[in-house]
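What follows is a single structure, written as structure tokens, with notes after it.
Protein chains get the first letters and strands the later ones, always in sequence-line order, with residue 1 at the start of each.
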Amino acid sequence: MSDILGDWKRSHYCGDLRAEQIGEDVCLMGWVHRRRDHGGLIFIDLRDRTGIAQLALDPDRDPEAHGKAENVRNEFVVAAIGKVSPRPEGTVNSKMKTGEVEIEIRELRILSEAKTPPFMLDEFTEVAENLRLKYRYLDLRRDSVQSNLIMRHKVAQTVRNYLTNNDFLEIETPVLTKSTPEGARDYLVPSRVNLGEFYALPQSPQLFKQLLMVAGFDRYFQIVRCFRDEDLRADRQPEFTQIDCELSFVDRDDIMTIMESMIADIFKAALDVDLDLPMPRMTYAEVIDRYGVDNPDLRFEMELQDITSLVSGCGFKVFANVAAKGGLVKALNAKGCATFSRKVLDDLTDFAGIYGAKGLAWVKIQEDGSWQSPIAKFFTEEELKALAEKLEAAPGDLLLFVADSPGIANEALGRLRGHLGHKLGLTDPNSYRFVWVTDFPLLEWDGEERRHMAVHHPFTAPLDEDIPLLDSDPGKARSKAYDLVLNGSEIGGGSIRIHDQAVQSRMFNLLGIGEEEARQKFGFLLDALEFGAPPHGGIAFGLDRVMMILTGAESIRDVIAFPKTQKATCLMSEAPGSVDEKQLRELGIRLAARNKQA
RNA sequence: GGGGCUGUAGUAGAGUCGGUUACAACGCCGGCCUGUCACGCCGGAGGUCGCGGGUUCGAGUCCCGUCAGCCCCGCCA
């Protein structure tokens, strides 16, 4: 039987007690983190979200409270009243914020008893993630995830303050909305009132925020949940949070300038780190050429080199053939890695294979400058010299080559570059290297669907100078889209939108979206564009990914209070679950028979 | 849809070549202990080795299947 709270009021958080409070009477409430029973004296480490304070219970001083403390177990919820006292000489704990003081407890109330938790709630015990997720409310008592969520709150507040001070308005948009085309799979919600019809949960508030610009709100933001029914990854959840912004009467530079300063505020507030502004900007073509991927990690160099022209006529058929067929031969120099074993090189080859590379050629530069390599014999002295010069090869270096179609050669070697950066310890977790990537291609060809797809989304404006290309060579057209990349991770992206109905219609044409289909899917946007749409553009940041980097979390689950597993289930609530036959009937839904026998 | 890793007391692990009663730690329960702070000492309880099948005289160990969690490819405008 527990005690009642009665009229006790908490006076302090546990973690806030310092030497300044010595002599004060305090009332603390929290969870028993640990109890140390010395037979006589009992110590209780009392925990709340701010930290831990040591309660001291002396049988001579307060036998009743001490007696109660004998029955206390871990994770009991207790309230305690006592006097803040200095710890006796030699017993100060310098590892604790509150280590100079303890509370001499006069009265103790057990507010709630607790079963022994299924795992220990200390920072030393590694617990399997499925167990952590099943008992998430206990896992969240642990300092690590709790401090991540506290920082997340701080970041959200910083965003609100910054954007508010810059004349943005926070406006909510519908969660029950309409399926959007071109994007990821939608989560669907059946309508009871409109049998047979479905809402879709938003993948982003894209259309609504553009309509808010047409409506004249000028600057909008929302910290908003978005939904995508796609497979999960370490940095992808089916529901995630975006910092979503849209502005009128601006160009790309305006948006990037305003937003990078918000990012700087976030880093100052969360980590007390000062960022250098403005952040560097690079075109898509440049980052692909130099790093192979559109989200390069700039914490280290190791740039890719295009050596296609150097090997186009060489004796190594693999390279020569690729060059002849319009492919790309790219190389990077892993400085000092000539020591890699055959096994490691095989692993790197397998790694490149994941991204479609059919092989990975390598060269070890020996101490005497000679080439140790299965392919060296195919090259002339001049070719070797030219390659060595281009790659700045020095004794001890490891040169790696991928020859393939441009897409595969760039991606495979680019990913390999990132992989090596990690492996070689070149990715300092306390270094933050940003880059804006601009001038993305507007369209990409989808071989399966036999049509162009929007790289960003179908409302993205082409570069002014590339508008003529829409007719002549749409695949070459570049867009006014931009991504913000941090340490190899895309943390945000956006674009200037099309605000001209005629251009928007041409865009739909290019995408193979017929007039009827366009009208049916987002006629309201096309209509709106005809009623005076200002030039506008925006951006959305993935709050979860930003938080991962700020906290150093390896999984997005560590920055979300109640995340889902890789199969998009919640181990705690056991969502998703089946529903009553009655609910289905009301929705006019009958489940198709499963292919396995019931 | 595909590739890979993991699964042994409450927890996280060890378990050799297939061989006696599956180990020690932390936690838990009981006892002792008045300055600890991941307290200490003594004792105790606690196991369908994820699940199902197979091989074998004998399976935690080998094989097949299956379930769950994780990482990756595809997918994610």
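Side-chain contact of A:D544 with A:Q237: a donor-acceptor pair under 3.5 Å is absent, judged by distance alone. Using modelled atom types, one finds a donor on one side chain and an acceptor on the other under 3.5 Å when comparing A:R497 with A:H457.
The base of B:rC37 is paired with the side chain of A:N93 by a donor and an acceptor separated by under 3.5 Å. The base of B:rU36 sits with one of its N or O atoms less than 3.5 Å from a complementary donor or acceptor on the side chain of A:Q54. Taking 3.5 Å as the limit, the base of B:rC76 and the side chain of A:R236 contain a donor-acceptor pair of atoms between them. Counting atom types as modelled, A:R73 pairs no side-chain N or O with a base atom of B:rG27 as donor and acceptor under 3.5 Å. Under 3.5 Å, the side chain of A:R35 and the base of B:rC37 form no donor-acceptor pair of N or O atoms.
Here B:rA12 sits opposite no nucleotide as a Watson-Crick or G-U wobble pair (both hydrogen-bonding atom distances under 3.5 Å). The nucleotide B:rC37 finds no pairing partner, because no Watson-Crick or G-U wobble arrangement with both distances shorter than 3.5 Å includes it. When both distances must be under 3.5 Å, the Watson-Crick or G-U wobble mate of B:rC5 is B:rG69. Using N1 to N3 plus N6-O4 or O6-N4 for Watson-Crick, or N1-O2 and O6-N3 for G-U wobble, each under 3.5 Å, B:rC28 pairs with B:rG44.
Which of B:rU36, B:rA68, B:rC73 sits closest to the side chain of A:K567 comes down to B:rA68. Distance from the side chain of A:V127 is smallest to B:rU11 among B:rU11, B:rC73, B:rC37. The nucleotide whose nearest atom lies closest to any side-chain atom of A:Y355 is, among B:rA68, B:rC72, B:rC26, B:rC72. Side-chain atoms of A:D37 lie closest to B:rC33 of the nucleotides B:rU34, B:rC33, B:rU11.
Mapping A:P118 and A:G39 onto RNA chain B via the closest heavy atom, the residue that lands nearer the 5' end is A:P118. Where A:Q566 and A:D58 each meet RNA chain B at their nearest nucleotide, the meeting point lying more 5' is that of A:D58.
Here the P atom of nucleotide B:rG40 and the NE2 atom of A:H38 are 10 Å apart, to the nearest Å. To the nearest angstrom, P of B:rC76 lies 19 Å from CZ of A:F227. We find that CG of A:L131 is positioned 15 Å from C1' of B:rC70, with the value rounded to whole Å.
Residue ring and base: A:F43 counts as stacked with B:rU36 (centre distance below 5.5 Å, interplanar angle below 30°).
Within the 4.0 angstrom heavy-atom criterion, base atoms lie near A:E102. Using a 4.0 Å heavy-atom criterion, one finds that A:N74 contacts the sugar-phosphate atoms exclusively.
Note: A:W31 CH2 to A:S112 OG = 9.0 Å, rounded to the nearest 0.5 Å.
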A:D48 and A:T50: CA distance, side-chain angles, deciding distance, side chain to side chain donor-acceptor pair (under 3.5 Å) verdict:
CA-CA 5 Å; A:D48 62 28; A:T50 64; 2.5 Å; yes
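Using a 4.0 Å cut-off between a side-chain N of Lys or Arg and a carboxylate O of Asp or Glu, A:R545 and A:D235 qualify as a salt bridge.
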